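Heads up: the structure comes next, in structure tokens.
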Amino acid sequence: TEVPAATIEELIRETGEPLVKFVDLFDIYQGPPIPDGKINLAYHITYQASDRTLTDVEVAEVQRKISLALTGQLNAELRQ
């Protein structure tokens with residue numbers, strides 16, 4: 001099923017609140033090695049807390065939650 005990029009961005013923002021400050025779709029790709037009928041979307045996500053410096057552990061946990069939301073709710077496949 002097709003999922004609009006805006007839906008993906010909204011889910012990233014909602015899942016990452018309050019630490020996701022900026023989401024930018026910077027690349028859209030179709031073609032090998034991406035399977036036919038699939039599109040690769042690449043996002044740049046900026047994490048920020050207004051009251052402290054974030055740790056790697058905090059950012060990794062938010063990123064994990066976002067990944068789980070994308071795969072669970074939108075049936076997205078994440079590439080590493």
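Just so we're clear, the structure is a prediction, and the values are computed from it rather than from any experiment. Nothing fancy with the numbering, it's 1 onward along the sequence.
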Is [Y] reachable from [X] through a run of hydrophobic residues whose side-chain heavy atoms are each under 4.5 Å from the next?
X: Ile12; Y: Phe26; answer: no
X: Phe22; Y: Val59; answer: no
X: Ile45; Y: Tyr29; answer: no

Original post:
At their closest point, which heavy atom of Gly16 faces which heavy atom of Val62, and how far apart are they?
Top reply: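 Gly16 and Val62 have their closest heavy atoms at CA-CG1, 3.7 Å.
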**OP:** Heavy atoms only: give me the nearest Ala5-Leu25 pair and the separation to one decimal.
**Re:**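 So the minimum-distance heavy-atom pair works out to CB-CD2, 3.9 Å.
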**OP:** Determine yes or no for a side-chain-to-main-chain donor-acceptor pair under 3.5 angstrom, with Thr71 supplying the side chain and Leu68 the backbone.
**Re:** yes
**OP:** Give the C-alpha distance, both sets of side-chain angles, the deciding distance and a yes or no for side-chain contact (heavy atoms from CB on, under 4.5 Å) between Ile34 and Arg79.
**Re:** CA-CA 10 Å; Ile34 307 301; Arg79 294 182 62 204; 3.1 Å; yes
How long is the gap from [atom1] on [X] to [atom2] on [Y], to the nearest 0.5 Å?
X: Asp36; Y: Gln30; atom1: CG; atom2: CD; answer: 9.0 Å
X: Leu74; Y: Thr7; atom1: CG; atom2: OG1; answer: 7.0 Å
X: Leu19; Y: Glu61; atom1: CG; atom2: CD; answer: 10.5 Å

Original post:
Between Glu17 and Arg13, does at least one N-O distance fall below 4.0 Å, as a salt bridge requires?
Top reply: no
Using side-chain heavy atoms (C-beta onward) and a distance below 4.5 Å, is [X] in contact with [Y]?
X: Leu70; Y: Leu11; answer: yes
X: Glu77; Y: Pro35; answer: no
X: Val20; Y: Ile66; answer: yes

Original post:
Applying side chain to side chain donor-acceptor pair (under 3.5 Å), which residue pairs with at least one partner in residues 44-59 are found, sequence neighbours left out?
Top reply: Tyr47-Gln63, Arg52-Glu58, Thr55-Glu58
Subject >> Whether over 12 other heavy atoms sit under 6.0 Å from Asp27 CG >> reply: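 Yes, enclosed.
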Subject >> Over 12 foreign heavy atoms within 6.0 Å of NZ, Lys65 >> reply: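 Atom NZ in Lys65 is not crowded, with 12 or fewer foreign heavy atoms closer than 6.0 Å.
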